[in-house]
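Given the structure is predicted, the values throughout are model-derived calculations rather than measurements.
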Amino acid sequence: MKLPDLIATGWLEIRSHKMRSFLSVFAIAIGIATFFYTLSILSQRYRDIDRTAEVSGKGRLDTTVERPLSMDQYNQLLRMLPPQASLSFQTDEMFTSATYKGQILTGFFLQGLLPTWQDSAFVYQVEGRFFNWQDIKNKHRVALIVVYPREKEPRHISSVDSGPAGSVQLQDFIKHINLLNQSITISDQSFTVVGILRAPPVEKDFRAPEDQESMQKIFIPYTTWYDIAPRWWDSFSTRVRIVTGSEDKAARATSVLHSFLRQQFGPDFLPGIRLFRHQLDIYRQGAWHNLKAMIFIGLIAMIAGGIGIMNITMVVIFSRTREIGIRRALGASRLDILLQFLTEAMLLGLCGAAGGMVLGYLAVLHMANNTSQLTFSWWVVAASVLLALGTSFLFALYPAYEASKLRPVEALKYE
Amino acid sequence: MVIHCEHLVKIYQTADAFRALNDVSLDIAPGDFAAVMGPSGCGKSTLLNILGLLDEPTSGVYRLNDISTADMSDRVRSRTRRDHIGFIFQSFNLLPKLSVLQNIALPMRYGNLPRKDILPRAYELLQRVGLADKADRTPQELSGGQCQRVACARALANRPELILADEPTGNLDSKAGEDILSLLRDLNRSGITIVMVTHDDKIAHGAKHIIRMKDGEIV
Ligand SMILES: Nc1ncnc2c1ncn2[C@@H]1O[C@H](COP(=O)(O)OP(=O)(O)O)[C@@H](O)[C@H]1O
Ligand SMILES: [Mg+2]
C-alpha cells in the first residue's frame with residue numbers, strides 16, 4: 001500500500017473515533033507542550049547568550065584589582081599585551097552628589113573610565129560625545145550621564161531617599177531637563193556634560209549582567225576621578241578588562257596580566273582573572289540547569305503518551321481483527337498490515353504534536369515573561385514533530401507487529 | 001489456473017487433534033467451474049482456504065500452476081492472493097467504513113496499478129455488476145444481494161484467474177442467489193476458473209461439475 005493510502009486509511013479511522021483518539025493523544029500533547037515550551041525557552045536563552053558573546057567582544061578577560069592603577073601602569077601593561085588588544089581600566093564607584101543651578105542631585109554613582117571602555121559591551125546611543133585621550137591626559141572636567149528606558153530604570157538608591165533636604169534623584173531630574181552641554185558641580189568642581197548615553201530597551205540589551213549598570217551613573221575621565229576622589233582613594237579597586245580578538249590571544253593575555261600584577265604587587269598577589277568565555281559557559285549551564293526538571297517532566301509525559309498510543313493500537317487491532325483478515329485475503333502482506341497500524345499510530349502522534357505545540361506556544365507567550373524578545377524557531381517545531389512521531393512509532397511497533405503476525409484464516413473467522 | 005492437490009491432510013490442533021481434511025486429492029483444470037458440496041462441518045471451507053493460500057495443509061502437496069505452495073513465503077503467498085485469486089465470502093466481508101467504490105478499490109491499493117487508474121477501474125467494475133448508481137453508498141445501505149455483487153466486483157479488481165467462493169449465496173434469497181450464480185457463470189465463460197462451495201442443489205447444478213465431500217474426504 002502506498003503512503004497516501006496508508007494515511008487516508010489511518011485518518012479515516014482516527015476521524016471515526018474522535019473521542020477515543022483525543023483521549024489517547026492527550027498525554028502526548030502534554031509531553032510535546034512541555035518539550036516545546038522548554039526547547040523554545042532554552043533556544044532563546046542560548047541565542048541571547050550568543051548575542052552576549054558578540055556584544056562583549058571576542059577573547060575577553062576581566063579582573064578586579066584591589067588597588068588603584070595609574071596611567072603609567074596602564075601604558076606599561078599595554079606594551080606587554082599582544083598588539084591590537086584593547087585595555088580598559090575602570091575606577092571604583094563613588095557615591096556623591098551634584099548640583100545643577102542650585103538644585104542638589106543625588107542617587108547616582110560617579111565612576112572613572114577610559115576611552116577603551118567603548119571597545120566592549122558598548123550598546124549605547126551617544127548624544128554629544130564620548131571621552132577621548134585628551135580628556136584623560138589633561139584631566140578634563142567632562143561628564144557623561146546614562147539614561148535608561150523606563151522599563152530598565154535602576155531602582156532608587158534607598159539610602160539617599162532621605163538625603164539632603166530639597167535634593168532630587170538624578171534619574172527623575174534628567175527625564176525633564178536635558179543636561180547635555182550644561183555645567184554641573186561635583187565635589188566643588190565644575191563639570192561639563194559632554195554626552196548622554198542612551199541604554200537600549202530591555203529586549204535589545206544583550207550585555208552580560210556584569211556589564212549592565214545596576215545603578216544610575218555619571219561617568220568622568222579615569223584620571224579626573226582620582227583628582228577629585230577623597231584622601232582614602234588608595235583603598236579603591238580597579239576593574240581591568242582586556243579584549244584581545246581571539247581565544248588563544250586571550251590565553252596569552254591572561255598570563256601576561258598575571259605576571260604584570262605579580263611584578264607590581266609582589267609574588268603573593270593572587271589575581272582572579274576570568275575568561276569571559278568561561279562566564280558564558282556558566283550562563284549556558286545555568287540556562288540548561290533551570291530547565292532540566294521540565295525536560296524530565298516532558299520525558300515522563302512522553303512515556304505516558306507512548307503507552308497511551310500503545311494501548312489504543314492494541315485496542316484498535318483487537319477490534320479490527322476481522323478487517324485485518326479481509327485485507328490479508330485481498331492481498332495485503334504482513335508488511336502492509338504493520339505499516340498500516342504504524343501509520344495510524346504516527347498520525348495520532350502527529351495530532352498530539354499539533355495540539356501540544358499550540359499549548360506549548362501559549363505557555364511560552366503567557367508564562368515566560370522573558371526579558372528578551374521571543375522568536376519562533378522552526379527547529380523546535382521540527383524537533384517536537386520528530387519526537388512525537390518517534391515515540392508513537394516505538395510504542396506502536398510491538399502491537400503492530402503482533403497484528404502483522406495474525407494468520408489470515410483465523411483473523412477472518414474472528415467475530 | 002491449474003490446481004493440483006495430493007493427499008491433503010488438515011489436522012486442527014484441538015484436544016482431539018481433529019482431522020478436518022483426510023487425504024484429499026483433487027485436480028481442477030483452467031476454465032473449470034467446480035461446486036463443492038457436502039454436509040456442514042465436512043471440511044469444505046477448510047479446503048477452500050487452503051486452495052486460497054489463506055491456510056496451510058498439515059501434510060500433502062498443493063501445486064498452483066505447477067508451483068509448490070509449501071515453500072512460499074508469506075510475501076509470495078500474499079502477492080499470489082492479490083494478483084491471481086479473488087475471494088467471495090458468505091458474509092460478504094466488505095469494510096463497513098469504506099464506500100462501495102473504495103471497497104472495490106481496496107485490492108488495487110495493495111497492487112501496482114498507478115493510483116490515478118484505481119478509482120476509474122473500480123467504477124468500471126461497479127458498472128459491470130450493475131450498481132454504478134451506488135458508488136458512494138456504504139455497505140450498510142445496500143441489500144444482501146447488492147453487497148454480494150460488490151464483493152464480486154472487488155474479487156475481480158486485480159483480474160484474477162481463479163475465484164474462490166465460499167457459500168456465496170448462503171445469506172441471500174433465491175432470486176439474489178440466482179443473480180450471483182449467473183454472474184459467476186459469466187465470469188467463468190470469460191475464462192476465470194471458479195471453485196464454489198454451496199449447500200444448494202439448484203445453485204450447484206449451475207457449475208460444470210460437482211465435488212462431493214463427507215467427513216474430510218472426497219466421495
Ligand atoms: N480453527 C479450527 N480449530 C478447530 N477446529 C476447526 C477449526 N476450523 C474448523 N474446524 C473444524 O473443522 C471442521 C471443518 O470445518 P469447515 O471446513 O469450516 O466445514 P464446512 O464444510 O462447514 O465449511 C469442522 O468440524 C470445524 O468444527
Ligand atoms: Mg463452511
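Here the closest heavy-atom approach between residue S333(A) and residue S78(B) is recorded as CA-OG, 3.5 Å. Looking at every heavy atom in both residues, V409(A) comes nearest to L54(B) through CG2-O, 3.2 Å. Listed here is the closest heavy atom pair of A329(A) and F89(B): CB-CZ, 4.0 Å.
Remark: N158(B) CG to L330(A) CG distance equals 9.0 Å, nearest 0.5 Å.
The environment of CH2 in W379(A) is crowded: more than 12 heavy-atom neighbours from other residues, nucleotides or ligands sit within 6.0 Å. Atom OH of Y12(B) sits in a crowded spot, with more than 12 heavy atoms from other residues, nucleotides or ligands closer than 6.0 Å. More than 12 heavy atoms of other residues, nucleotides or ligands shown are found within 6.0 angstrom of OH on Y46(A). When the shell of 6.0 Å around CZ of R121(B) is examined, it contains more than 12 heavy atoms from other residues, nucleotides or ligands.
Both the backbone and the side chain of D55(B) come within contact range of chain A, each with at least one heavy atom under 4.5 Å from a heavy atom of that chain. The part of R407(A) that comes within reach of chain B is its side chain, from C-beta onward, which places non-hydrogen atoms under 4.5 angstrom from that chain. Neither the backbone nor the side chain of L335(A) comes within less than 4.5 Å of any heavy atom in chain B.
Put simply, of R328(A), K2(A), E323(A), the one with the most heavy-atom pairs under 4.5 Å next to chain B is R328(A).
Judged as a ring-ring contact (aromatic ring centres under 6.0 Å, His included), not a single pair has a partner in residues 283-305 of chain A (not counting sequence neighbours). Screening residues 82-111 of chain B for salt bridge (Lys or Arg N to Asp or Glu O under 4.0 Å) gives D5(A)-R109(B), E13(A)-K97(B) as the qualifying pairs, with residues at least two apart or on separate chains.
Contact check for R322(A) versus S91(B): side-chain heavy atoms found under the 4.5 Å cut-off. In this structure, M1(A) and L106(B) have side chains that are in contact, with non-hydrogen atoms separated by less than 4.5 Å. A 4.5 Å side-chain heavy-atom check between R154(B) and I326(A) finds at least one atom pair inside the cut-off. Under the 4.5 Å side-chain criterion, counting only non-hydrogen atoms from C-beta, P408(A) is not in contact with R77(B). Contact of the R320(A) side chain with the L95(B) side chain is not registered, since no non-hydrogen atoms from C-beta on lie closer than 4.5 Å.
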